[in-house]
Novice: 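Let me begin by handing over the structure; questions about it come next.
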Amino acid sequence: MKIFCGYTMEINELNDQRARRREELNYFESLGINPYPYEFRKTHSAKEILSNFRDENPELYSNVSIAGRIMTFRRMGKATFCDIQDESGRIQVYFKKNDLGDSYDLLKYLDIGDIIGIEGFVFRTRMGEITVHTQKFIILCKSLTPIPVPKIEEDESGNKIIHDQFSDKELRYRHRYIDLIVNPDVRDVFRKRAKIISYIRNYFDNRGWLEVETPILQPIYGGATARPFITHHNALDIDLYLRIADELYLKRLIVGGFEGVYEISKNFRNEGMDRMHNPEFTALEIYVAYKDYFWVMELVEDLLNSLVKYLFNNEIIVYNNIEINFSKPFARRKMFDLFKEYTGEDLKDKTEEELLKIGKKLGLDFPESPSRAKILDEIFSEIVQPNLIQPTFVIDYPIEMSPLAKKHRSEQGLVERFELFINGFEVANAFSELNDPRDQRARFEEQAKLRAKGDEEAMVLDEDFLYALEVGMPPTGGLGIGIDRLVMLLTNQNSIRDVILFPQMKPENL
RNA sequence: GACCCUGUAGCUCAGGGGUAGAGCACCUGACUUUUAAUCAGGGGGUCGCAGGUUCGAUUCCUGCCAGGGUCACCA
């Protein structure tokens with residue numbers, strides 16, 4: 001038993017800071033103070049005050065109200081400083097016993113992490129810091145559990161040194177809200193992510209293309225080669241798949257007469273997780289009628305070039321200490337030319353057997369009886385891809401690797417497809433879309449053979465999609481962009497988990 | 001799925017077969033312009049979990065769980 005500011009309470013030896021905060025909360029309630037009130041009228045953000053306050057006319061800031069989370073305390077007896085953090089940043093707040101009277105004593109029962117509202121006037125301290133002098137304050141939310149408290153020091157040149165940074169990745173991902181509170185850089189990444197997505201959306205809308213929503217729950221999954229998540233619809237008593245791509249539905253809309261449709265949405269793939277893969281990820285797909293892949297290349301070039309200029313005021317960005325230049329035009333390289341350059345071999349007319357031999361000579365491992373597509377893919381991603389640092393369109397893929405792309409207009413055995421590589425990873429994938437229903441059926445049948453051979457990722461034949469193609473789809477250019485990877489690139493992040501707010505984690509208690 | 005590394009206080013970390021350590025955070029006291037505030041004192045731990053070896057395990061061994069990384073798989 002202990003006397004606590006005239007209010008008697010039990011403090012159990014076994015309890016920790018959380019118990020103490022609950023007692024503080026009870027104390028507030030015993031005084032008739034609601035620690036969880038309903039609203040607060042803010043007049044300014046921290047940033048507005050810090051960037052607009054002028055010493056010449058402080059009267060413009062003689063009556064401000066701000067609100068935010070208490071991040072630091074510097075208590076000095078009858079005066080207290082603390083830093084309040086709102087969405088815009090941090091600002092110092094000053095409390096003085098003379099001005100606040102009895103309510104000053106309530107400060108004792110506030111903690112780092114509590115959210116408070118402040119009314120007062122702005123001034124500059126002796127040390128030169130713009131500060132809100134509190135005339136009235138109100139608790140807006142009592143925080144019942146302590147959060148990490150990194151200390152931020154500024155050296156002479158204004159660089160921030162962070163002590164005791166909240167850095168445990170597991171805790172940061174599991175409790176992203178804490179990560180967001182205490183690591184300002186994390187907030188910036190997700191602000192930038194939102195900017196990127198809204199820029200792309202505006203770019204498309206301004207060209208008159210229609211944003212649509214297609215099914216996430218699909219009876220037949222298609223549009224990519226990947227293993228799906230399976231779920232069950234009880235009323236229909238059928239299995240449904242979470243989509244692995246939007247492609248086949250968006251093409252149906254081109255058949256329906258829309259001439260430009262796009263979707264920015266989550267796809268789901270039931271595969272491994274690593275720094276480049278999360279089971280749910282955000283993809284952009286767009287299809288525009290009467291266009292081919294050359295046109296799409298120019299679209300991608302212009303979209304990314306203008307996006308980078310919008311974000312950085314520059315065409316050159318730095319990722320992982322490497323300069324990446326987004327000025328137009330991007331390099332365009334035929335896939336088999338790249339093979340020749342990096343393997344010294346012309347792989348174009350080689351048989352499966354010859355390719356396998358070359359691949360093994362290059363030191364690569366292959367699964368049991370790989371298809372021609374798999375071998376080429378392996379050689380490409382291991383030998384060629386890591387070299388593609390500057391934005392590079394790789395064009396004209398072998399037909400076996402691309403069952404939804406249209407046959408090349410002049411080259412036997414190839415399709416009109418490109419992928420854009422930046423910093424060694426794929427950012428975009430596009431085709432002149434296959435719209436000949438006879439050819440599409442033949443390609444699906446090829447996929448079915450692979451599936452029969454045990455390739456779980458081979459595509460499934462979609463009769464309704466073929467029916468749509470029979471109705472007739474105009475020539476169409478299509479494009480997919482992995483938004484998460486693009487965001488990684490543009491925010492200089494190394495792991496997809498750092499650009500997804502709540503990345504997939506194993507449950508803690510298994 | 002394989003291998004490597006990690007798991008100790010709310011956070012960041014040190015330690016090491018014999019009563020568990022630091023800084024910050026927290027509590028008490030001093031301090032009315034401080035800013036990594038300062039000064040004095042104090043509390044706080046299932047050392048990831050389970051088993052084994054041992055007189056004794058947080059430390060050594062085995063298994064498991066979680067995370068990070070590399071690879072495999074994969075756009």
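Values below: every heavy atom of this structure, side chains too, minus hydrogens, waters and symmetry copies. None of these values were measured; they are calculated from a predicted model. Throughout, protein chains are lettered first and strands after them, A, B, ... in sequence-line order, and every chain is numbered starting at 1.
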Novice: Classify the nucleic acid contact of A/Phe123 as base, sugar-phosphate or nothing, counting any heavy atom under 4.0 Å across all strands shown.
Specialist: base

Novice: Between B/G10, B/U34, B/U12, which nucleotide gets closest to the side-chain atoms of A/Gln17?
Specialist: B/G10

Novice: Please report the distance separating the P of B/C3 from the corresponding atom of B/G63, rounded so that it comes out in whole Å.
Specialist: 10 Å

Novice: For residues A/Phe418 and A/Asn429, determine if any side-chain heavy atom of one lies less than 4.5 Å from a side-chain heavy atom of the other.
Specialist: no

Novice: Of the candidate nucleotides B/C73, B/U12, B/U70, which contains the atom at the shortest distance from the side chain of A/Glu378?
Specialist: B/C73

Novice: Could you work out the separation of B/A20 and B/A37 based on their P atoms and round it to a whole Å?
Specialist: 32 Å

Novice: Of the candidate nucleotides B/C27, B/G67, B/C74, which contains the atom at the shortest distance from the side chain of A/Arg174?
Specialist: B/G67

Novice: Give a yes/no answer on whether the side chain of A/Arg275 brings an N or O atom under 4.0 Å of OP1 or OP2 in B/G69.
Specialist: no

Novice: In terms of side-chain heavy atoms of A/Glu24, which of B/A25, B/C27, B/U34 is nearest?
Specialist: B/C27

Novice: As a test of understanding, state which of A/Arg417, A/Lys251, A/Lys406 forms a salt bridge (Lys or Arg N to Asp or Glu O under 4.0 Å) with A/Glu433.
Specialist: A/Lys251

Novice: A/Lys506 has a side chain; which of B/U34, B/C73, B/A66 sits nearest to it?
Specialist: B/A66

Novice: Is there a donor in the side chain of A/Tyr104 and an acceptor in the side chain of A/Thr80, or the other way round, less than 3.5 Å apart?
Specialist: yes

Novice: Could you check whether A/Gln92 gets within reach of a base, just the sugar-phosphate, or nothing at all, counting any heavy atom under 4.0 Å?
Specialist: base

Novice: Here's a test of your reading of the structure: between A/Met273 and A/Tyr94, which maps to the more 5' nucleotide of RNA chain B?
Specialist: A/Tyr94

Novice: Which of these nucleotides, B/U34, B/G29, B/C13, is closest to any side-chain atom of A/Arg74?
Specialist: B/U34

Novice: So, the side chain of A/Glu48 versus the backbone of A/Ala46: is there a donor-acceptor pair under 3.5 Å, distance only?
Specialist: no

Novice: Could you check how far CG of A/Asp55 sits from P of B/U33, rounded to whole Å?
Specialist: 19 Å

Novice: Between B/A30 atom P and A/Lys97 atom NZ, what is the distance in whole Å?
Specialist: 12 Å

Novice: Once you apply a heavy-atom cut-off of 4.0 Å, does A/Ala226 come out as touching a base, just sugar-phosphate, or nothing?
Specialist: sugar-phosphate

Novice: Counting only distance, no hydrogens or angles, is the base of B/U34 paired donor-acceptor with the side chain of A/Thr125 under 3.5 Å?
Specialist: yes

Novice: Are the ring of A/His163 and the base ring of B/A36 both nearer than 5.5 Å at their centres and tilted by less than 30°?
Specialist: yes

Novice: I need the minimum non-hydrogen distance between A/Ala67 and A/Asp86, along with the two atoms involved.
Specialist: O-CB, 3.4 Å

Novice: Does A/Glu129 make a side-chain donor-acceptor contact with the base of B/U34, cut-off 3.5 Å?
Specialist: no

Novice: With C1' as the reference atom in both, quote the distance from B/U46 to B/C31 in angstrom, rounded to an integer.
Specialist: 40 Å

Novice: In whole angstrom, give me the gap between the C1' atoms of B/U19 and B/C11.
Specialist: 26 Å

Novice: Choose from B/U34, B/C27, B/A25 the nucleotide whose nearest atom is closest to any side-chain atom of A/Lys151.
Specialist: B/A25

Novice: Do you see a donor-acceptor pair shorter than 3.5 Å between the side chains of A/Asn267 and A/Glu280?
Specialist: no

Novice: Would you indicate what A/Lys160 reaches in the nucleic acid, counting non-hydrogen atoms under 4.0 angstrom: base, sugar-phosphate, or nothing?
Specialist: nothing

Novice: By the 4.0 Å heavy-atom rule, please label A/Lys96 as base, sugar-phosphate, or nothing.
Specialist: base

Novice: So do A/Ile496 and A/Met488 actually touch side chain to side chain, heavy atoms under 4.5 Å?
Specialist: yes

Novice: Taking only the C1' atom of each, what is the distance from B/A72 to B/C65 in whole angstrom?
Specialist: 23 Å

Novice: Could you tell me whether A/Phe166 contacts a base, only the sugar-phosphate backbone, or nothing, with contacts defined as non-hydrogen atoms closer than 4.0 Å?
Specialist: sugar-phosphate

Novice: Looking only at the side chain of A/Ile112 (C-beta and beyond, no hydrogens), which of the listed nucleotides B/C26, B/G23, B/U34 gets closest?
Specialist: B/C26

Novice: Which part of the nucleic acid, if any, lies within contact of A/Asp83, taking any heavy atom under 4.0 Å across all strands shown: a base, the sugar-phosphate backbone alone, or nothing?
Specialist: nothing

Novice: Taking atom P in both B/G23 and B/A9, what distance in whole Å separates the two?
Specialist: 16 Å

Novice: Considering only the C1' atoms, how many Å lie between B/A25 and B/G10, rounded to the nearest integer?
Specialist: 7 Å

Novice: Look at all strands and tell whether A/Glu426 reaches a base, only sugar-phosphate, or nothing, counting heavy atoms closer than 4.0 Å.
Specialist: base

Novice: Under the ring-ring contact (aromatic ring centres under 6.0 Å, His included) rule, collect the residues that match up with A/Tyr397, sequence neighbours excluded.
Specialist: none

Novice: Return the nearest nucleotide to the side chain of A/Asp164; candidates are B/G10, B/A72, B/C24.
Specialist: B/C24

Novice: Using heavy atoms to find the nearest nucleotide of RNA chain B for A/Asp377 and A/Glu382 separately, return the residue whose nucleotide is more 5′.
Specialist: A/Glu382

Novice: Strictly by modelled atom types, are A/Ser143 and A/Arg69 linked by a side-chain donor-acceptor pair under 3.5 Å?
Specialist: no

Novice: When Watson-Crick pairs (N1 to N3 and N6-O4 or O6-N4) and G-U wobble pairs (N1-O2 and O6-N3) count only below 3.5 Å on both distances, what is the dot-bracket string of RNA chain B, with | for other-strand pairs?
Specialist: (((((((..((((....[..)))).(((((.......))))).....(((((..]....))))))))))))....

Novice: Round to the nearest Å and state the distance from A/Arg227 atom CZ to B/G1 atom C1'.
Specialist: 11 Å

Novice: Take atom P in B/G43 and the same atom in B/G48, then report the distance between them in whole Å.
Specialist: 24 Å

Novice: A/Met505 near the nucleic acid: base, sugar-phosphate alone, or nothing, with a heavy-atom cut-off under 4.0 Å?
Specialist: sugar-phosphate

Novice: Looking only at the side chain of A/Lys169 (C-beta and beyond, no hydrogens), which of the listed nucleotides B/A25, B/G68, B/U35 gets closest?
Specialist: B/G68

Novice: Which part of the nucleic acid does A/Ile152 contact within heavy-atom distance under 4.0 Å: base, sugar-phosphate only, or nothing?
Specialist: sugar-phosphate

Novice: Without decimals, in angstroms, what is the distance between A/Met71 CE and B/A25 C1'?
Specialist: 12 Å

Novice: Mind calculating the distance between CZ (A/Arg75) and P (B/A25) to the nearest angstrom?
Specialist: 11 Å

Novice: Does the side chain of A/Arg193 pick up a donor-acceptor pair with the side chain of A/Thr282 at under 3.5 Å?
Specialist: yes

Novice: Across the strands shown, which category fits A/Thr72 at heavy-atom distances under 4.0 angstrom: base, sugar-phosphate, nothing?
Specialist: nothing

Novice: Quick one: do the A/Glu263 and A/Thr214 side chains pair a donor with an acceptor below 3.5 Å?
Specialist: yes

Novice: Going by atom type alone, with no hydrogens or angles, which donor-acceptor pairs under 3.5 Å involve a side-chain atom of residues 389-396 of chain A and a protein atom two or more places apart or on another chain?
Specialist:
{"residue": "A/Gln390", "atom": "OE1", "partner": "A/Asn325", "partner atom": "N", "Å": "2.8"}
{"residue": "A/Gln390", "atom": "NE2", "partner": "A/Glu323", "partner atom": "O", "Å": "2.8"}
{"residue": "A/Thr392", "atom": "OG1", "partner": "A/Gln390", "partner atom": "O", "Å": "2.7"}
{"residue": "A/Asp396", "atom": "OD1", "partner": "A/Tyr293", "partner atom": "OH", "Å": "2.6"}
{"residue": "A/Asp396", "atom": "OD1", "partner": "A/His408", "partner atom": "NE2", "Å": "3.4"}
{"residue": "A/Asp396", "atom": "OD2", "partner": "A/His408", "partner atom": "NE2", "Å": "3.1"}

Novice: Heavy atoms only, 4.0 Å cut-off, all strands: where does A/Arg497 land among base, sugar-phosphate and nothing?
Specialist: sugar-phosphate

Novice: B/C74 P sits how many Å from A/Asn429 CG, rounded?
Specialist: 16 Å

Novice: Can you check the A/Asp274 CG to B/C74 C1' distance for me, whole Å?
Specialist: 8 Å

Novice: Atom CD of A/Glu271 to atom C1' of B/C74: distance rounded to whole Å?
Specialist: 5 Å

